[in-house]
Amino acid sequence: MIQKILIANRGEIALRIVRACRELGIKTLAVYSEADVQSLHVQLADEAICIGGNKSSESYLRADRIISAAEIADVDAIHPGYGFLSENAKFAEQCESCNIKFIGPKSKSIRMMGDKSIAKDTVRKAGVPIVPGSDGPVETEAEAVKIARKIGYPVIIKAVAGGGGRGMRIAHNDVSFAKEYHVARGEAEKAFGNGTVYLEKYIERPRHIEFQILADAHGKTLHLGERDCSVQRRHQKLIEESPSPFLTPDLRKKMGKAAIKASEAAEYENAGTIEFLVDAKGNFYFIEMNTRIQVEHPVTEEVTGIDIVKQQIQIANGEKIEFDQGDIKFEKHAIECRINAEDPSRNFAPSPGTIGLYYAPGGLGVRVDSHAYSGYTIPPYYDSMIGKLICYGPTRKAALERSYRALSEYLIRGIKTTIPLHRAIMADPVFIEGKATTAYMEDFLGRTAADLFS
Ligand code: ADP
């Protein structure tokens, strides 16, 4: 039985995990960097151990120090959250060999889905449609150009080890391909220490629609419906909602089945996400699996009433999922806005610093997951997300109106945030009509930047 969990993360997700543990009667150990000594996760966990310096490479990415902390504090399990070591198969393996439960899938599944070209091959063999592209990595420029022509332009060049929207470039012809190929490789090498890339057909104006999976160790795999994450800037999600305004019941059923098949092909256990791109005609293509809890999981929690983090812990504990696919009801609509400490008027430059006044919205149908508070100093070393606002109601219209209202109440003084941008999107007719594709943000900023930021 899991009695104590080390949380190998920081920020709002560390807090989210503390909350689930409290409700389950499980003790928590926070680990933190020197810069995070004032952090809420450190204050709210039962115990806390400092594991190193400010940079993540000196702290949150140090598997050795995290495992030492786990041994010193005698924990039974480690929850990796998202980012940092959450999709590191070696770390999962180290936990397994130290007899500490890794709250996530087996290292084998992480490895299989972590290499994007192996992942595509695995799910294709299981009969799930994938985006047309190269058969695995491309080795030389000459070979790559040949394949790009065969796929047909535009093509997207993607890092095998990619994540967070980095190491991705689009080419429209041979000339731009020659340039972008090298840029993509360079970016991938810098970001992931692995410059290997592969090619895909670039789907124009698709929607990003993903399915939340839960799978236990007893052979049960379920999906908790979809999230539409089409509102993205530079391939990074800004707004997520469920259900997707685009899916018909028929397409939802088909994609849900495909998501379960993809997950089973990876022999997946625990919570995971199958990501698809969907074109205007409703053709859908697998792009990747995220083998961890995702930032946007609360949207699904509010629609289904299922606590995904608790499920993760119970699954890691060897328990069976107590419900079946037919028991899951999708009766609400939920929208999440990512609140980033960024200045949208200065090309989204990070805006770390001390928050003067912090006041989070409340009321019916409003959830805020955040580690921010009045007087909190946002360190410049980590990502800029400081909170998530999730608003829900019986209909999409209710969720939209509530989001607009809550965004108008949210006060964060002393730093710049994406709150005004979100408010403008909630009032934008294209978004309100449910027509946003992954091309939406660029269009929106082009149409409105002059008014918004003047
Ligand atoms: P990452 O792991 O870096 O997040 P993904 O493969 O999940 O990368 O893709 C992130 C986003 O990039 C997608 O949501 C989509 O907007 C865009 N994208 C990825 N592949 C394609 C493609 N083949 N065609 C069009 N857009 C794509």
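Order of appearance sets the numbers: ligands from 1, and atoms from 1 within every ligand. Atoms considered below: every heavy atom in the structure, side chains included; atoms not considered: hydrogens, waters and symmetry mates. In this text the structure is predicted, and so the values were computed from the model without any measurement. For this chain, numbers begin at 1 and follow the sequence in order.
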Would you mind writing out the side-chain donor-acceptor pairs for residues 162-172 within the sub-3.5 Å range, not counting sequence neighbours?
residue : atom : partner : partner atom : Å
R169    : NE   : E180    : OE1          : 2.8
R169    : NH1  : E187    : OE2          : 3.1
R169    : NH2  : E180    : OE1          : 3.3

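We find the CZ-CG distance between R447 and L452 to be 10.0 Å, quoted to the nearest 0.5 Å.
Considering backbone and side-chain atoms together, I203 places an N or O closer than 3.5 Å to an N or O of ligand 1.
Taking all heavy atoms of M289, M168, H235, K158 into account, the minimum distance to atom 6 (O) of ligand 1 is reached by K158. Among E275, Q236, R166, K116, the residue whose heavy atom lies nearest to atom 1 (P) of ligand 1 is K116.
Heavy-atom proximity to T438, at under 4.0 Å, picks out these atoms of ligand 1: 16 (O). Within ligand 1, counting atoms from 1 as listed, the ones closer than 4.0 Å to a heavy atom of H208 are 13 (C), 14 (O).
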Inset, instruction - Would you check, one step at a time, whether the test side-chain contact (heavy atoms from CB on, under 4.5 Å) holds for F84 with I66? - result: CA-CA 12 Å; F84 298 127; I66 292 170; over 6 Å; no
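Judged by a 6.0 Å distance limit and a 45° cone about the ring axis, R423 is not positioned over the six-membered ring of F431.
Partners of T248 by side chain to side chain contact (heavy atoms under 4.5 Å, CB included), not counting sequence neighbours, listed by chain and number: D250, L251.
Nearest to atom 7 (O) of ligand 1 among the protein's heavy atoms is E288 OE2, 2.6 Å. What sits closest to atom 26 (N) of ligand 1 on the protein, heavy atoms only, is Y202 CE1, 3.6 Å. Of the protein's non-hydrogen atoms, G165 N, 2.6 Å is the one closest to atom 3 (O) of ligand 1. Looking from atom 27 (C) of ligand 1 to the surrounding protein, the closest heavy atom is L277 CD1, 3.5 Å.
Q294 and R227 share a side-chain donor-acceptor pair at under 3.5 Å.
Under 4.0 Å from ligand 1, the heavy atoms of Q232 that appear belong solely to its side chain.
A distance-only check finds a donor-acceptor pair linking the side chain of E226 to the backbone of S244 [under 3.5 Å].
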